[in-house]
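Predicted, not measured: the structure shown is a model, and the values here were computed from it.
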Amino acid sequence: MVTGDQVLEPGWLAVSGGRITDLRAGSYDGAAVRATTVTPGAVDVHMHGGGGADVTAGHDEIVRAVAFHRRRGSTGSLASLVSAPVGVLCAQLAAIADVVEAGAGPGLLGAHLEGPFLARAQCGAHDPDLLVDPDPAAFARLLGAARGHLRTITVAPELPGALELVDAAVAAGVVVSVGHTDADYEQTRAAFARGARAVTHLGNAMRPMHHRDPGPIAASLEAGVACEVIADGVHVHPAMLRLVGPQRLLLVTDAISAAGCADGPYHLGGRAVEVTDGIARLVNGGALAGSTLTMGAAITGARRAGLSWPDTVRAASIRPAALLGLDTRLRVGGAADLLAFDERDELARVMAGGRWI
């Protein structure tokens, strides 16, 4: 049992009323659900959709996407929005706020605004025509539309006005993540000095690292900020998980609506996507367009890349939760959100709110 603070071999816990009521080392001889490994539920801070549902498509699809990922390991998720006109993003943020406030999507923790303050040279799957320079007035509109539920925002720090936007976001309690950036080493370090605390999918949609031009990758690793990695074996080589290291690694899915669905045509932010062998790419240009990953599978991937169970739990649950000011550790009095894995380190069961889902 990997609690987040310690490993109990063996260990057991009891649950009542959605809370953990007892947790101890040692064997349990009574009737119980048994598993090879038990961990806290995962927290995914970067998710665009899943189960055929897209979080930009309104109330019902937000609820469906969150429920899909909840059953596959993400007992907490942020709904991530791709670049769009500010007015459209405001409507999407308001829809996410409606779901959170109505309690209609258990596990939905708020919104992640991935665009539109991104670099055209590193737009990835975002529509370059929709990207704009950071603007305080636009950010204020977005913040107001989210009604306190905008939790994270991705910004390219080299853009005009970016550092001022970092200041505004930090002052508003929004976590700033550096990403989709062509920034050099110094520009990236400047964003961290102003309060940026994370990196959006390290290695993807950013200037690559060179020994004479270390860029945002080296700056992020040196700064020790939380570094998102998409552990699907496609976006980065598994060695990157080990290189990022246990003090910085943060597992995310970057999943789109195609997660859990068959290969075929999909859309992301209005752009045509084709999924082949589970890999999502833009029809025009072939850029990777999110993933079809789930957090349960990401955890399995991290284990197969050689990460210990404690390091994997920190990356999948403890660190992303802490970024949002939450505590997901398994502890007496804590929420009964947990994952059970089999002997192959594959997700077997999910408990959310004290109930097997």
Side-chain angles (χ1 to χ4, degrees), residues 1-5 13-21 23 33 35-51 53 55 62-80 96 99-100 102-112 149 151-152 226 228 231 249-255 259-260 293-303 309-310 312-342 345-357:
M1 186 168 295
V2 188
T3 69
D5 290 326
L13 60 79
V15 169
S16 179
R19 294 281 163 181
I20 297 172
T21 57
L23 187 153
V33 174
T36 301
T37 306
V38 173
T39 77
V43 174
D44 188 2
V45 297
H46 193 153
M47 180 276 291
H48 299 281
V55 300
I62 295 168
V63 172
R64 283 176 51 208
V66 172
F68 167 83
H69 283 287
R70 200 168 182 237
R71 293 191 301 271
R72 287 157 181 81
S74 301
T75 54
S77 296
L78 293 185
S80 297
I96 292 168
V99 174
V100 174
L108 179 60
L109 302 175
H112 160 220
H149 300 293
R151 308 299 298 274
T152 65
E228 290 184 7
L249 183 65
L250 193 163
L251 297 177
V252 296
T253 65
D254 198 6
L293 190 64
T294 63
M295 282 301 288
I299 289 170
T300 301
R303 289 286 295 146
W309 268 117
T312 300
V313 166
R314 279 191 285 271
S317 182
I318 309 304
R319 184 164 297 114
L323 202 65
L324 304 178
L326 305 174
D327 181 2
T328 54
R329 293 171 298 164
L330 300 181
R331 56 186 176 81
V332 174
D337 296 336
L338 56 89
L339 311 181
F341 291 83
D342 64 19
D345 293 344
E346 293 180 356
L347 184 62
R349 305 187 75 170
V350 177
M351 175 178 282
R355 184 171 62 90
W356 293 111
I357 62 169

Side-chain touch Pro40/Val313, heavy atoms, less than 4.5 angstrom: yes
Yes or no on side chain to side chain contact (heavy atoms under 4.5 Å, CB included) for Met47 and Leu78, after CA distance, side-chain angles and deciding distance? CA-CA 6 Å; Met47 180 276 291; Leu78 293 185; over 6 Å; no
Criterion side chain to side chain contact (heavy atoms under 4.5 Å, CB included) on His112 and Val45, from CA distance to verdict: CA-CA 7 Å; His112 160 220; Val45 297; over 6 Å; no
Is the backbone N or O of Gly333 less than 3.5 Å from a side-chain atom of Arg19, with the two atoms forming a donor-acceptor pair by type? yes
Determine, step by step, whether Val43 and Leu326 satisfy the side chain to side chain contact (heavy atoms under 4.5 Å, CB included) criterion, reporting the C-alpha distance in whole Å, the side-chain angles of both residues, the deciding distance to 0.1 Å, and the verdict. CA-CA 10 Å; Val43 174; Leu326 305 174; 5.7 Å; no
Close side-chain approach of Leu347 to Ile299, heavy-atom, < 4.5 Å: no
Heavy-atom side-chain contact between Leu250 and Glu228 under 4.5 Å: yes
Does any pair with a residue in residues 63-72 pass salt bridge (charged side-chain N to carboxylate O under 4.0 Å, His left out), and if so which ones, sequence neighbours excluded? none
Within the distance-only criterion (no hydrogens, no angle test), does the side chain of His46 pair as donor or acceptor with the backbone N or O of Leu251 below 3.5 angstrom? no
Say whether, by atom type as modelled, one donor and one acceptor occur between the side chain of Arg151 and the main chain of Leu109 under 3.5 angstrom. yes
So the salt bridge (charged side-chain N to carboxylate O under 4.0 Å, His left out) pairs with at least one residue in residues 314-325 (sequence neighbours excluded) are Asp311-Arg314
Show the nearest heavy-atom pair for residues Ile96 and Ala111, with the distance to one decimal. CD1-CB, 3.8 Å
Nearest-0.5 Å distance, CG of residue Asp5 to CD1 of residue Ile318: 7.5 Å
Can you give the donor-acceptor pairs under 3.5 Å from side chains of residues 334-342 to other protein atoms, not counting sequence neighbours?
{"unit_1": "Asp337", "atom_1": "OD1", "unit_2": "Gly353", "atom_2": "N", "d": "2.7"}
{"unit_1": "Asp342", "atom_1": "OD1", "unit_2": "Arg344", "atom_2": "N", "d": "2.9"}
{"unit_1": "Asp342", "atom_1": "OD1", "unit_2": "Asp345", "atom_2": "N", "d": "3.3"}
{"unit_1": "Asp342", "atom_1": "OD1", "unit_2": "Glu346", "atom_2": "N", "d": "3.0"}
{"unit_1": "Asp342", "atom_1": "OD2", "unit_2": "Arg344", "atom_2": "NH2", "d": "2.8"}

Evaluate Thr21 against Ser16 for side-chain hydrogen bond (donor to acceptor under 3.5 Å, both in side chains), listing each step before the verdict. CA-CA 6 Å; Thr21 57; Ser16 179; 5.8 Å; no
